[in-house]
Every structure is written in structure tokens, then in C-alpha cells.
Amino acid sequence: MIRAGRQHLVRTLADLAAQQGVGAEVAAAVHRAGWAKEEAKPDVQFPGDDRVVAALVLDGDQAPAPAVVWDERYGWRTAASRRHPITKGAALPSEGEGVRYLAGGIAPPPGDVVAALTTTPDA
């Protein structure tokens, strides 16, 4: 019973976060850039430890990454997978192999995220 109540609470919190616009501005910016076919709401999740993460799949033909993920601890990063952009337990992946951290801070302006996606990382 407690587990079912917690799952309901987590889903309610995820819905509330989505309604409040976690990543909504970035979703609009990547859609305008042509990297997302639709201006979709981010998939908001609460993996545990009172953390919030959200993922945006970039399904446009010229998308610079399969997806972008926002983590309240670290901000925006690219993801190596469209199918599973948020790692199990929202573990922090190492940079490399399709993962790159974008724009400083946890809530950079959407234009900064777009600019970081268009910049090729230094070799």
C-alpha cells in the first residue's frame, strides 16, 4: 500500500513539474531549431533521492544528438540514446560516447543550450 501511494505521489509530482514547464523553454527552442519534429513536453522523472530529471528526444533529421537530458544537479547534457536518454537511476554518465555537458548552471537560457548544441566540442 505504501509503495502504491509513493508511486502515485511520484507520478503526481512529475505531472506537476511538466505543467510548471521543466524544460519547456528548451523544448520550444530545439523545436524552432528543427531538431524536434514537435514541441513536446519533456519527459519528467523522479528517480529517487528527491531528484528531478527530464528528457527531450531530438528526432529531427539534423539533430546534433539523440536527446538532451536535464538534471537538477548538473543542468543540461546530451544523451547517447533516444530510447533510454535517462540512465538507470539517473546515474551521472561520464562525458564521452555521445554524452556532453551543455551550458553552465542548472537553468541556463534556452539560447545557451541551443548554442552549446551547435558548438563542436574541442578535440
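Residue numbers run from 1 in the order of the sequence given. A quick note: this is a predicted structure, and the numbers were derived from the prediction, not measured.
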Side-chain donor-acceptor distances from residues 83-92 under 3.5 Å, at least two apart:
from	atom 1	to	atom 2	distance (Å)
Thr87	OG1	Ala91	N	3.0
Thr87	OG1	Ala91	O	2.4

Exercise for the section: Only one of Leu102, Val69, Asp112, Asp71 passes side chain to side chain contact (heavy atoms under 4.5 Å, CB included) with Trp76; say which it is. Expected result: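 Going through the options one by one, the only one that passes is Leu102.
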Which pair of non-hydrogen atoms, one from [X] and one from [Y], has the smallest distance, and what is that distance?
{"X": "Ser81", "Y": "Ala67", "answer": "O-CB, 3.9 Å"}
{"X": "Ala79", "Y": "Pro66", "answer": "O-CD, 3.1 Å"}
{"X": "Leu56", "Y": "Ala40", "answer": "CD2-O, 3.8 Å"}
{"X": "Glu39", "Y": "His31", "answer": "N-ND1, 3.6 Å"}
{"X": "Gly98", "Y": "Thr78", "answer": "O-OG1, 2.9 Å"}
{"X": "Glu95", "Y": "Tyr101", "answer": "OE2-N, 3.2 Å"}

Handout entry: Side-chain donor or acceptor of Glu97 paired with backbone N/O of Ala80 under 3.5 Å
Key = no
Practice task
Give the cluster check for Val52 versus Val57: same hydrophobic cluster or not, with ILVMFWY residues linked at side-chain heavy-atom distances below 4.5 Å.
Solution key: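 No.
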